[in-house]
2 protein chains.
Amino acid sequence: MTSKVKPTESELEILNILWHNGPSTVRKVHEELAMTKEAGYTTTLKLMQIMHDKKLLKRDASSKTHVFEAAVSQQQTQGQMIRKMIDTVFNGSASQLVMQALGSHKASKEELDEIRAYLEGMEKKTKKAKS
Amino acid sequence: MTSKVKPTESELEILNILWHNGPSTVRKVHEELAMTKEAGYTTTLKLMQIMHDKKLLKRDASSKTHVFEAAVSQQQTQGQMIRKMIDTVFNGSASQLVMQALGSHKASKEELDEIRAYLEGMEKKTKKAKS
DNA sequence: TGCTATTTACGAATGATTTCGTAGCTAATG
DNA sequence: CATTAGCTACGAAATCATTCGTAAATAGCA
């Protein structure tokens with residue numbers, strides 16, 4: 001069982017940066033963060049320390065300047081969060097969520113094609129399972 | 001412009017009950033809530049009062065026992081929350097969210113059909129707009 | 001070596017959310 | 001009419017998230 005992951009708003013911002021950039025120092029993360037947000041360096045540091053305590057991050061402390069890395073995968077986290085949202089906001093109906101997402105977000109043609117292709121793939125699997 | 005809606009975890013539980021049951025007294029809501037959760041009556045009351053202050057609920061105080069009703073629609077709230085999740089968790093990609101939702105949740109055949117139908121509907125609209 | 005810059009650690013202030021005790025009001029009952 | 005049961009209002013405690021100041025350690029450089 002993969003541990004319960006429940007990042008807060010701020011933690012998610014940091015995870016996104018780490019997922020995108022790979023292992024990084026606090027300073028790197030902080031610089032990224034500072035581009036969209038106002039915050040002191042020690043604030044970022046503290047957050048990342050807390051995240052390390054919570055096992056959201058791994059830390060390489062072999063050099064003075066520590067290097068942090070996400071300890072939870074983006075996939076896993078997305079899955080967990082979407083499941084929770086389906087349960088708590090969409091009465092357990094994935095399709096309701098999907099339609100709401102498509103309706104309220106204006107997906108591009110490419111995105112729609114991607115989804116269609118994905119659905120076809122599922123279809124096949126379902127049929128196979130039934131036969 | 002519809003006001004910013006950002007219900008907390010607990011507030012969402014209450015909204016769900018009200019969306020499902022329609023206008024209700026605090027006691028009714030509390031009884032529902034108590035089925036899945038441990039909490040005192042005054043806790044529920046206080047939450048609903050706060051939600052009223054925040055304009056998340058409407059209140060009919062004409063009788064001694066007040067009757068509350070959701071002041072925000074389920075649709076609107078779902079849309080707002082899904083948009084936020086797309087932005088903060090899925091890098092702005094609706095299709096990524098949709099696929100994650102379908103992949104991690106095991107939608108039924110009926111649900112998949114619903115989604116397919118919905119996609120076809122969108123397709124038509126897109127074509128029309130282009131012609 | 002001694003100074004400076006950068007880093008981590010720590011603790012505490014602030015703010016938001018959740019919880020609940022207590023008081024006061026009102027309606028129903030004996 | 002007095003008592004009781006159930007309701008709302010209010011305030012404050014408890015908890016969690018966020019922010020930051022300050023100290024201590026370390027590495028690089030004049």
Side-chain angles (χ1 to χ4, degrees), chain A residues 3-18 23-69 71-72 77 81 84 88-89, chain B residues 3-18 23-69 71-72 77 81 84 88-89:
Chain A
S3 62
K4 277 252 165 298
V5 183
K6 219 224 155 206
T8 67
E9 211 47 35
S10 307
E11 288 170 350
L12 205 51
E13 291 177 319
I14 290 175
L15 282 175
N16 274 320
I17 291 172
L18 289 172
S24 311
T25 62
V26 174
R27 180 144 306 274
K28 276 294 185 78
V29 171
H30 178 64
E31 275 162 11
E32 279 276 321
L33 217 48
M35 291 178 5
T36 51
K37 198 195 185 187
E38 197 52 38
Y41 174 81
T42 54
T43 301
T44 305
L45 171 64
K46 179 70 167 193
L47 266 173
M48 292 176 74
Q49 286 169 339
I50 291 172
M51 291 171 77
H52 180 246
D53 289 349
K54 292 192 193 173
K55 316 282 191 209
L56 287 173
L57 301 186
K58 281 183 282 199
R59 170 167 63 175
D60 173 354
S62 58
S63 66
K64 169 168 145 66
T65 304
H66 300 179
V67 176
F68 289 84
E69 182 184 354
V72 294
T77 306
M81 297 192 77
K84 179 166 187 173
T88 62
V89 185
Chain B
S3 61
K4 276 253 167 296
V5 183
K6 217 224 157 205
T8 67
E9 213 45 38
S10 307
E11 288 170 349
L12 205 49
E13 292 178 317
I14 289 175
L15 281 175
N16 273 320
I17 292 172
L18 289 172
S24 312
T25 62
V26 174
R27 180 143 311 273
K28 275 295 184 80
V29 170
H30 178 63
E31 274 162 12
E32 279 276 321
L33 217 48
M35 292 179 5
T36 51
K37 199 192 184 186
E38 196 53 37
Y41 175 82
T42 54
T43 302
T44 304
L45 171 65
K46 179 71 166 192
L47 267 172
M48 291 175 73
Q49 285 170 339
I50 290 172
M51 291 170 77
H52 180 246
D53 289 348
K54 292 192 193 172
K55 317 279 192 210
L56 287 173
L57 300 187
K58 281 182 282 199
R59 170 167 62 176
D60 174 354
S62 59
S63 68
K64 169 170 144 65
T65 305
H66 300 179
V67 175
F68 290 85
E69 180 183 355
V72 295
T77 306
M81 299 193 77
K84 178 166 189 177
T88 62
V89 184

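Each chain gets a letter, A, B and so on, in the order the sequences are listed, and its residues count up from 1.
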Query raised in the report: Under 4.0 Å between a side-chain N or O of A/K54 and OP1 or OP2 of D/dC16?
Result: no
Query raised in the report: Does the side chain of B/E13 reach to within under 4.5 Å of the side chain of B/L33, using non-hydrogen atoms?
Result: yes
**Report entry** Side-chain donor/acceptor contact of A/K46 with base of C/dG11 under 3.5 Å
**Finding:** yes
Query raised in the report: If you look at every strand shown and take non-hydrogen atoms under 4.0 Å, does A/Q49 touch a base, only sugar-phosphate, or nothing?
Result: base
Report summary line: Atom CG of B/D60 and atom P of D/dC7 are separated, to the nearest Å, by 16 Å
Requested in this report: Mark yes or no for a side-chain to base donor-acceptor pair under 3.5 Å between B/K64 and D/dT8, with no hydrogen or angle criteria applied.
Outcome: no
Query raised in the report: Does A/Y41 put a side-chain nitrogen or oxygen below 4.0 Å from OP1 or OP2 of C/dT8?
Result: yes
Report task. State which of C/dA9, C/dT19, C/dG21 makes the closest approach to the side chain of B/T43. Result -> C/dT19
Report task. Would you mind reading off the distance between A/L47 atom CG and D/dT19 atom P, rounded to a whole angstrom? Result -> 7 Å
Query raised in the report: Base, sugar-phosphate, or nothing for A/T65, non-hydrogen atoms under 4.0 angstrom?
Result: sugar-phosphate
Query - More than 12 heavy atoms from other groups under 6.0 Å of NZ on A/K6 - result: no
Query raised in the report: Are any non-hydrogen side-chain atoms of B/V26 and B/Q49 less than 4.5 angstrom apart?
Result: no
Query raised in the report: Rounded to whole angstrom units, what separation is found between the CD1 atom of B/I50 and the P atom of C/dC20?
Result: 14 Å
Report task. Identify whether any heavy atom of B/S10 sits under 4.0 Å from a base atom; if not, whether one sits that close to sugar-phosphate; answer base, sugar-phosphate or nothing. Result -> sugar-phosphate
Requested in this report: Specify the separation, in whole Å, of atom CD of A/E9 and atom P of D/dC16.
Outcome: 18 Å
**Report entry** Protein-nucleotide distance (B/H30, atom NE2; C/dT19, atom C1'), rounded to Å
**Finding:** 12 Å
Query raised in the report: Checking all strands, does B/K6 fall into the base, sugar-phosphate, or nothing category for heavy-atom contacts under 4.0 angstrom?
Result: nothing
Query raised in the report: Are any of B/T8's side-chain N or O atoms less than 4.0 Å away from OP1 or OP2 of C/dT18?
Result: yes
**Report entry** Check: A/T65 and A/R27 side chains under 4.5 Å, non-hydrogen atoms
**Finding:** no
Query raised in the report: Does a nitrogen or oxygen in the side chain of B/R27 sit under 4.0 Å from OP1 or OP2 of D/dA5?
Result: no
Report task. In whole angstrom, give the distance that lies between atom CD of B/E13 and atom P of C/dT17. Result -> 15 Å
Query raised in the report: What integer distance in Å separates A/L45:CG from D/dA25:P?
Result: 16 Å
**Report entry** Whole angstrom value for the distance that separates C1' of D/dC10 from CE of B/M48
**Finding:** 18 Å
Requested in this report: Side-chain contact test, heavy atoms from C-beta onward, threshold under 4.5 Å: evaluate it for B/P7 versus B/T77 and give yes or no.
Outcome: yes
